[in-house]
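First the structure, in the form of structure tokens, and then the observations on it.
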Amino acid sequence: MSTLLQPVRGTHDLLPEDTRRHRHVEDTAFAVARRYGYGEVVTPIFEFTEVFARTLGETSDVVTKEMYTFTMGEDSLTLRPEGTAGVARAFISNGLSQSLPLKLFYRGPMFRHERPQKGRQRQFHQVGIEFLGVESPLADVEVVSMGWRMLEALGLKGKIQLEINTLGDLDSRTAYRNALVAYLEPMRLTLSEESRARLDKNPLRILDSKDEEDRRIVAQAPVMTDCLTPAAREFFDQVTAGLTALGIPFTVNPKLVRGLDYYCHTAFEFTTDALGAQGTVLAGGRYDGLIGQMGGPATPGIGWAAGVERLSMLLGEAPPPERPVALVPMGDAMAALALADRLRAAGISVDMGFSGNMKKRMARAAKAGARFAIILGEDEAARGAVTLRDLDSGEQAEVAEERLLGLLTAQKSE
RNA sequence: GCGGGUGUAGCUCAGUUGGUUAGAGCGCCAGGUUGUGGUCCUGGAUGUCGUCGGUUCGAAUCCGAUCACUCGCCCCA
């Protein structure tokens with residue numbers, strides 16, 4: 001196939017069969033979010049590069065090698081690699097600190113220049129939420145439990161585990177970072193190459209290294225929970241107690257860290273083992289420092305994002321679309337189109353072919369999944385009637401045209 | 001960015017030690033039935049064998065490059 005006719009690497013077309021699952025995931029997520037009082041926000045899919053570079057962390061992988069950045073005139077712009085930075089920017093731009101607390105839901109495409117794999121694309125879609133302005137750990141409980149309820153609503157409860165950890169407050173993090181470096185430094189040469197680099201730049205990330213030797217070393221390392229300030233410990237205890245009170249199963253994973261710099265306190269991940277190397281399906285955490293750091297009023301926040309493609313892959317089948325009624329005109333096709341027009345105006349989904357003999361049209365009706373076929377023949381037309389055929393049972397009967405709409409409407413509401 | 005695997009019809013795949021017009025199933029189209037679908041029967045169409053180059057009398061088959069997909073690493077949704 002010519003290069004021109006191929007989609008760009010890591011991008012995919014979503015055909016109707018795909019969008020059915022895709023929309024089901026998005027719509028379910030939003031329906032659940034609405035029950036928690038969220039409104040939808042739509043921010044641009046590109047921002048000034050600074051918006052991402054400053055907030056995600058200059059050393060994060062996303063910023064250093066995964067951004068789609070381009071220049072227009074003087075401006076450096078970047079296709080959004082994730083949603084939180086843009087929402088935070090919109091919060092500041094629109095002066096929304098007047099409306100706190102604020103609950104925002106978003107959905108849409110994200111872009112990361114990574115090597116594609118199963119469950120990883122260069123353009124992918126996320127649904128996500130941000131809850132701004134509440135410092136209480138109860139906000140964390142609500143946000144995490146909402147993620148769980150959403151996965152439950154998608155029927156994925158049995159395929160997913162929740163892991164949770166705390167990154168503590170600033171003091172806890174500094175203390176822990178020092179303790180960790182002090183422990184690892186003497187073993188620097190036994191660490192993997194990547195981890196040696198991380199030791200200087202972002203030692204916390206060594207914790208979730210997949211290198212076997214690293215894992216052995218890390219197994220004995222000090223854990224975050226040892227270094228928590230009393231306040232940070234109390235915060236985390238309330239979060240876990242809250243989840244327990246709501247009956248949400250989770251495991252505390254002290255090795256869980258997040259790749260982006262803006263997280264503090266609660267970090268969590270919903271994972272599955274059904275997607276190969278890409279186990280994370282929904283993840284997030286608290287980011288109290290983010291908005292202040294971007295130049296806005298100091299505002300606490302917590303949120304999560306979920307990968308729509310990954311969730312779609314876990315989904316068995318999306319709910320089937322509404323079954324249409326098929327119109328099969330034998331003679332006057334325009335009269336049939338007019339009838340279709342009246343039925344559609346009444347809210348009935350009508351499929352009508354424009355060519356072919358009766359056999360072809362009936363086959364088309366069956367393929368469209370139609371429940372009924374309305375056959376418009378000359379004989380019936382003369383009597384002001386149509387033939388209504390039940391395509392499931394094969395039974396058919398002549399029906400006066402004025403009774404048709406009533407019958408179909410009654411059927412539909414069954 | 002690094003390493004492994006794979007590219008043949010719309011889809012899933014066969015194709016022998018290199019040998020004429022490259023196959024199957026499903027799907028699609030047509031007919032059996034010009035007013036009756038889902039079953040059945042009959043017939044039909046469809047390929048730059050991913051692309052470019054090389055070896056050879058001859059390449060889907062061997063070699064090289066390239067592109068894409070895929071699995072893993074890194075990292076993440």
Side-chain angles (χ1 to χ4, degrees), chain A residues 1-12 15 25 29 56 59-66 81-84 107-128 147 192-195 197-198 202 205 208-212 214 257-260 269-272 275-284 303-314 326 328-331 353 355-381 386-396 398:
Chain A
M1 201 188 300
S2 136
T3 306
L4 270 179
L5 298 180
Q6 284 175 345
V8 173
R9 180 174 216 187
T11 66
H12 294 276
L15 302 179
V25 169
L56 303 184
T59 63
S60 70
D61 277 43
V62 171
V63 169
T64 54
K65 54 183 202 200
E66 293 171 6
E82 57 98 49
T84 302
R107 57 176 132 193
M110 305 292 165
F111 305 84
R112 290 185 199 172
H113 191 100
E114 301 179 89
R115 186 76 174 264
Q117 250 177 268
K118 183 187 176 83
R120 172 193 296 166
Q121 304 165 202
R122 289 184 170 179
Q123 175 175 346
F124 60 104
H125 298 78
Q126 287 187 335
V127 292
S192 68
E193 199 180 326
E194 294 85 17
S195 288
R198 288 189 285 216
N202 196 342
R205 293 233 304 272
D208 66 352
S209 170
K210 282 168 186 121
D211 181 89
E212 254 182 64
D214 286 358
V257 293
R258 317 254 46 241
L260 309 180
E269 262 179 31
F270 289 87
T271 59
T272 178
L275 291 181
Q278 273 64 241
T280 307
V281 119
L282 183 155
W304 51 250
V308 176
E309 282 83 358
R310 290 185 185 177
L311 290 174
S312 297
M313 281 190 279
L314 291 179
V328 181
M330 296 312 302
S355 64
N357 56 24
M358 184 163 200
K359 176 178 170 157
K360 248 182 104 169
R361 287 164 187 262
M362 289 301 287
R364 180 194 160 89
K367 212 176 123 194
R371 177 67 212 284
F372 293 104
I374 299 170
I375 300 158
L376 289 163
E378 309 280 329
D379 308 345
E380 299 98 314
V386 301
T387 294
L388 185 63
R389 180 179 177 86
D390 183 326
L391 290 173
D392 288 348
S393 68
E395 287 166 20
Q396 64 182 46
E398 195 170 302

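Order of the sequence lines fixes the chain letters, A, B, ..., with proteins taken first and strands second; residue numbering starts at 1 for each chain.
A residue-by-residue look at A:Glu395 and A:Phe270 shows that A:Glu395 has its nearest nucleotide of RNA chain B further toward the 5' end. Residue-to-nucleotide proximity on RNA chain B shows that, of A:Arg389 and A:Gly119, the 5′-proximal contact is made by A:Arg389.
Rounding to the nearest 0.5 Å gives a distance of 7.0 Å between CZ of A:Arg112 and CD of A:Glu82. The structure places OG1 of A:Thr11 at 9.5 Å from CZ of A:Phe111, a figure rounded to the nearest 0.5 Å. How far CD of A:Gln396 is from OG1 of A:Thr387: 6.0 Å, rounded to the nearest 0.5 Å. With values rounded to the nearest 0.5 angstrom, A:Gln123 atom CD is found 16.0 Å from A:Arg9 atom CZ. To the nearest 0.5 Å, the span separating CZ on A:Arg310 from NE2 on A:His125 amounts to 14.0 Å. Distance check: A:Thr272 OG1 to A:Leu314 CG gives 5.0 Å after rounding to the nearest 0.5 Å.
Among the atoms of the strands shown, none is found under 4.0 Å from any heavy atom of A:Glu82. Here A:Glu269 lies out of heavy-atom contact (under 4.0 Å) with every strand. Base engagement by A:Gly394 is indicated by at least one non-hydrogen atom pair under 4.0 Å involving a base atom. Within the nucleic acid shown, A:Ala283 comes within 4.0 Å of sugar-phosphate atoms alone, with no base atom in reach, counting heavy atoms only. As judged by a 4.0 angstrom heavy-atom cut-off over every strand, A:Arg364 is placed among residues making no nucleic acid contact. Backbone-only engagement by A:Gly10 is indicated by non-hydrogen atom pairs under 4.0 Å involving sugar-phosphate atoms exclusively. Within 4.0 Å (heavy atoms only), A:Gln396 reaches at least one base atom of the nucleic acid. Across all strands shown, A:Leu282 has heavy atoms under 4.0 Å from sugar-phosphate atoms exclusively, and none from any base.
Listed candidates were B:U36, B:C28, B:G35. Nearest to the side chain of A:Lys367 is B:C28. Among B:A30, B:G35, B:U36, the nucleotide with an atom closest to any side-chain atom of A:Lys360 is B:A30. Checked against B:U70, B:G35, B:A77, the side chain of A:Thr387 finds its nearest nucleotide in B:G35. Closest to the A:Phe124 side chain, of the nucleotides B:G37, B:A77, B:G72, is B:A77.
The gap from the P atom of B:G50 to that of B:U56 amounts to 23 Å, rounded to the nearest Å. Separation of the C1' atoms belonging to B:C13 and B:C52 is 26 Å when rounded to the nearest angstrom. Comparing the P positions of B:U12 and B:G27 gives a spacing of 15 Å, expressed to the nearest Å. Comparing B:G23 with B:U8, their C1' atoms sit 10 Å apart, to the nearest whole Å. When the C1' atom is compared between B:U61 and B:G44, the two are found 30 Å apart, to the nearest whole Å. For the C1' atoms, the distance linking B:C11 with B:G47 amounts to 14 Å, nearest Å. Between the P atoms of B:A60 and B:G18, the separation comes to 13 Å (whole Å). Only the C1' atoms considered, B:G37 is 23 Å distant from B:A45, to the nearest whole Å.
Judged by distance alone, with hydrogens and angles left aside, A:Glu66 brings no side-chain donor or acceptor close enough to the base of B:G1 to form a pair under 3.5 Å.
Between A:Gln121 atom CD and B:C71 atom P there is a gap of 11 Å when expressed in whole angstrom units. Following rounding to the nearest Å, A:Met313 (CE) and B:C76 (C1') show an atom-to-atom distance of 13 Å.
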Salt bridge (Lys or Arg N to Asp or Glu O under 4.0 Å) between A:Arg120 and A:Glu114: does it pass, once the steps are laid out? CA-CA 8 Å; A:Arg120 172 193 296 166; A:Glu114 301 179 89; 3.7 Å; yes
A:Val308 and A:Val127: CA distance, side-chain angles, deciding distance, side-chain contact (heavy atoms from CB on, under 4.5 Å) verdict: CA-CA 7 Å; A:Val308 176; A:Val127 292; 3.9 Å; yes
Residues A:Glu309, A:Gln121; criterion side-chain contact (heavy atoms from CB on, under 4.5 Å); working and verdict: CA-CA 9 Å; A:Glu309 282 83 358; A:Gln121 304 165 202; 3.3 Å; yes
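When the ring-ring contact (aromatic ring centres under 6.0 Å, His included) test is applied to A:His113, the partners found at least two apart in sequence or on another chain are A:Tyr68. Qualifying salt bridge (charged side-chain N to carboxylate O under 4.0 Å, His left out) partners for A:Glu380, counting only residues two or more places apart in sequence or in other chains: none. Contacts of A:Met330 classified as side chain to side chain contact (heavy atoms under 4.5 Å, CB included), with partners at least two apart in sequence or in another chain: A:Val328, A:Met358, A:Ile375.
The shortest distance between the side-chain N/O atoms of A:Gln117 and the OP1/OP2 oxygens of B:G72 is below 4.0 Å. One finds no side-chain N or O of A:Arg120 lying less than 4.0 angstrom from the OP1 or OP2 phosphate oxygen of B:A77.
A pairwise comparison of heavy atoms in A:Leu391 and A:Ala370 identifies CD1-O, 3.5 Å as the closest pair.
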Where along nucleotides 4-13 of chain B does protein come under 4.0 Å, by heavy atom, of base (B) or sugar-phosphate alone (S), with - for untouched nucleotides? ----------
For RNA chain B, what string of dots and brackets results from 5' to 3' when Watson-Crick and G-U pairs need both distances under 3.5 Å, crossing pairs get [ ], and pairs with another strand get |? (((((((..((((.....[...)))).(((((.......))))).....(((((..]....))))))))))))....
Polar atom pairs between nucleotides 40-45 of chain B and protein, under 3.5 Å, N or O only, would you list them?
none

